[in-house]
Amino acid sequence: MSLRRVVLLRHGQTDYNVAGRMQGHLDSHLTEEGREQARRAAPVIARMSLDRMISSDLTRAVDTAEEVSTASGLAVKLDQRLRETHLGEWQGRSVGEVEVDYPGAITEWRGDPRWTPPGGESRVDVVRRSLPVVEEIDEEYADEVGEQSLLLVAHGGMIAGMVCGLLDLPESTWPIIGGMGNCKWAVVARRADHPRWRLSGYNIGVS
């Protein structure tokens with residue numbers, strides 16, 4: 001067991017974040033502030049001595065990852081399994097707009113990881129598709145000497161779900177893992193003598 005740390009970085013601010021609209025799989029873009037957030041975070045991430053970087057293939061994550069690549073020299077590999085939750089008919093809409101057509105649905109969705117927006121996927125679905133990204137790298141590093149660290153550049157909802165999945169938390173407890181700010185990150189790690197992942201930090205960032 002030599003994959004010892006996973007850092008999960010959320011993308012910078014997007015035009016949809018500013019407008020208060022739900023993105024999901026829509027390919028939104030970083031604002032200038034979002035790019036600046038990525039530039040500020042990149043050297044901090046680069047000092048973490050990471051060995052590999054994998055990013056969601058959505059533009060907002062790729063552009064954030066490219067800033068980290070420039071600072072760290074790490075190549076960016078893209079994997080669509082790291083995309084944000086597909087929100088189906090909710091994508092592109094504000095929470096208020098969703099509430100008009102689906103009264104009470106936002107509260108139910110936030111409180112139940114198995115609840116699925118119309119035409120979309122649940123948080124459980126997201127973890128099922130994204131967790132193998134880490135498991136495959138873990139298996140690849142199994143016979144490596146030394147401690148390896150992986151950076152995933154992705155999205156707030158996906159990161160929250162991935163953390164729950166890595167920690168093997170009961171689904172009923174998933175809502176206790178809250179949202180994450182733009183260009184903030186989480187860290188999960190484990191000791192060499194124990195296979196279980198532990199949460200080392202969440203919603204960490206630079207000012």
Side-chain angles (χ1 to χ4, degrees), residues 6-31 33-34 37-38 41 55-64 79-134 152-188 199 201-205:
V6 180
V7 180
L8 305 101
L9 172 66
R10 187 189 177 201
H11 61 77
Q13 182 194 75
T14 69
D15 46 1
Y16 272 59
N17 292 149
V18 172
R21 298 197 171 273
M22 304 172 81
Q23 297 167 103
H25 281 205
L26 296 180
D27 207 13
S28 56
H29 296 270
L30 297 182
T31 62
E33 172 60 22
Q37 289 170 340
S55 173
S56 158
D57 65 338
L58 294 175
T59 300
R60 58 191 184 270
V62 175
D63 288 350
T64 301
D79 195 318
Q80 66 179 11
R81 292 176 294 177
L82 297 180
R83 287 184 177 189
E84 181 59 290
T85 308
H86 195 301
L87 296 173
E89 296 177 15
W90 295 1
Q91 294 188 158
R93 307 176 76 179
S94 69
V95 169
E97 289 169 348
V98 171
E99 275 295 316
V100 170
D101 291 338
Y102 305 92
I106 292 290
T107 298
E108 192 166 0
W109 171 61
R110 287 173 174 165
D112 182 357
R114 290 190 170 275
W115 202 93
T116 305
E121 62 183 346
S122 69
R123 273 173 287 172
V124 171
D125 295 329
V126 174
V127 174
R128 283 198 188 110
R129 69 162 156 86
S130 62
L131 199 58
V133 176
V134 174
L152 302 179
V153 184
H155 312 270
M158 194 237 80
I159 289 172
M162 173 78 82
V163 167
C164 293
L166 287 171
L167 298 179
D168 199 24
L169 298 178
E171 290 173 11
S172 63
T173 69
W174 287 15
I176 68 174
I177 301 295
M180 181 172 291
N182 290 119
C183 268
K184 300 294 181 66
W185 58 89
V187 182
V188 295
L199 185 63
Y202 193 83
N203 210 24
I204 308 165

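The basis for the numbers below is simple: all heavy atoms, side chains too, and nothing from hydrogens, waters or symmetry mates. Small disclaimer: the values here were computed from a predicted structure and weren't measured. By convention here, the first residue in the shown sequence is residue 1.
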Colleague: Taking the inter-plane angle between the rings of Trp90 and Tyr102 on a 0 to 90° scale, is it parallel (under 30°), tilted (30 to 60°) or perpendicular (over 60°)?
Modeller: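 Geometry flag for Tyr102 against Trp90: tilted rings.
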Colleague: Mind checking what makes side chain to side chain donor-acceptor pair (under 3.5 Å) contact with Asn203, not counting sequence neighbours?
Modeller: none
Colleague: side-chain contact (heavy atoms from CB on, under 4.5 Å) with Ala38: which residues, sequence neighbours excluded?
Modeller: Thr64, Glu67, Cys183
Colleague: Is there side-chain contact between Met22 and Glu97, with at least one heavy-atom pair below 4.5 Å?
Modeller: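 A side-chain contact is absent here, since even the closest heavy-atom pair is not under 4.5 Å.
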Colleague: Can you name the residues that form a ring pair (Phe, Tyr, Trp, His ring centres under 6.0 Å) with Trp174, not counting sequence neighbours?
Modeller: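 Expected list: none.
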Colleague: Could I get the full list of side chain to side chain donor-acceptor pair (under 3.5 Å) partners for Thr14, not counting sequence neighbours?
Modeller: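 Listed in chain order: Asn17, Gln23.
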Colleague: Got a sec, which pairs hit salt bridge (charged side-chain N to carboxylate O under 4.0 Å, His left out) with one end in residues 82-93, sequence neighbours left out?
Modeller: Asp57-Arg83, Arg93-Asp101
Colleague: Ignoring hydrogens and angles, write down the donor-acceptor pairs under 3.5 Å from the side chains of residues 159-172, residues two or more places apart or on other chains.
Modeller:
residue: Glu171; atom: OE1; partner: Arg114; partner atom: NE; Å: 2.7
residue: Glu171; atom: OE1; partner: Arg114; partner atom: NH2; Å: 3.2
residue: Glu171; atom: OE2; partner: Arg114; partner atom: NH2; Å: 3.0

Colleague: Could you tell me which residues satisfy side chain to side chain donor-acceptor pair (under 3.5 Å) with Arg81, sequence neighbours excluded, listed by chain and number?
Modeller: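 Counting only residues at least two positions away or on another chain, Arg81 forms a side chain to side chain donor-acceptor pair (under 3.5 Å) with Asp79, Glu136.
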Colleague: Mind checking salt bridge (charged side-chain N to carboxylate O under 4.0 Å, His left out) for Arg110 and listing every partner two or more places apart, or none if nothing turns up?
Modeller: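 By the salt bridge (charged side-chain N to carboxylate O under 4.0 Å, His left out) rule, Arg110 matches no residue at all.
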Colleague: Applying salt bridge (charged side-chain N to carboxylate O under 4.0 Å, His left out), can you list everything that pairs with Glu99, at least two apart in sequence or on another chain?
Modeller: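 Salt bridge (charged side-chain N to carboxylate O under 4.0 Å, His left out) check on Glu99 returns nothing, list empty.
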Colleague: Looking at residues at least two apart in the chain, or sitting in another chain, which of them share a salt bridge (charged side-chain N to carboxylate O under 4.0 Å, His left out) with Asp15?
Modeller: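 Salt bridge (charged side-chain N to carboxylate O under 4.0 Å, His left out) check on Asp15 returns nothing, list empty.
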Colleague: Is there a donor-acceptor contact under 3.5 Å from the side chain of Arg123 to the main chain of Trp109?
Modeller: yes
Colleague: Any idea which heavy atoms bring Gly88 and His86 closest together, and the distance?
Modeller: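 In this case the closest contact between Gly88 and His86 is N-ND1, 3.0 Å.
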Colleague: Ala19: which residues meet the side-chain contact (heavy atoms from CB on, under 4.5 Å) condition with it, sequence neighbours left out?
Modeller: Arg21
Colleague: Sequence neighbours left out, what passes side-chain contact (heavy atoms from CB on, under 4.5 Å) with Thr59? Give chain and number order.
Modeller: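 Here the qualifying residues are Asp27, His29, Asp63.
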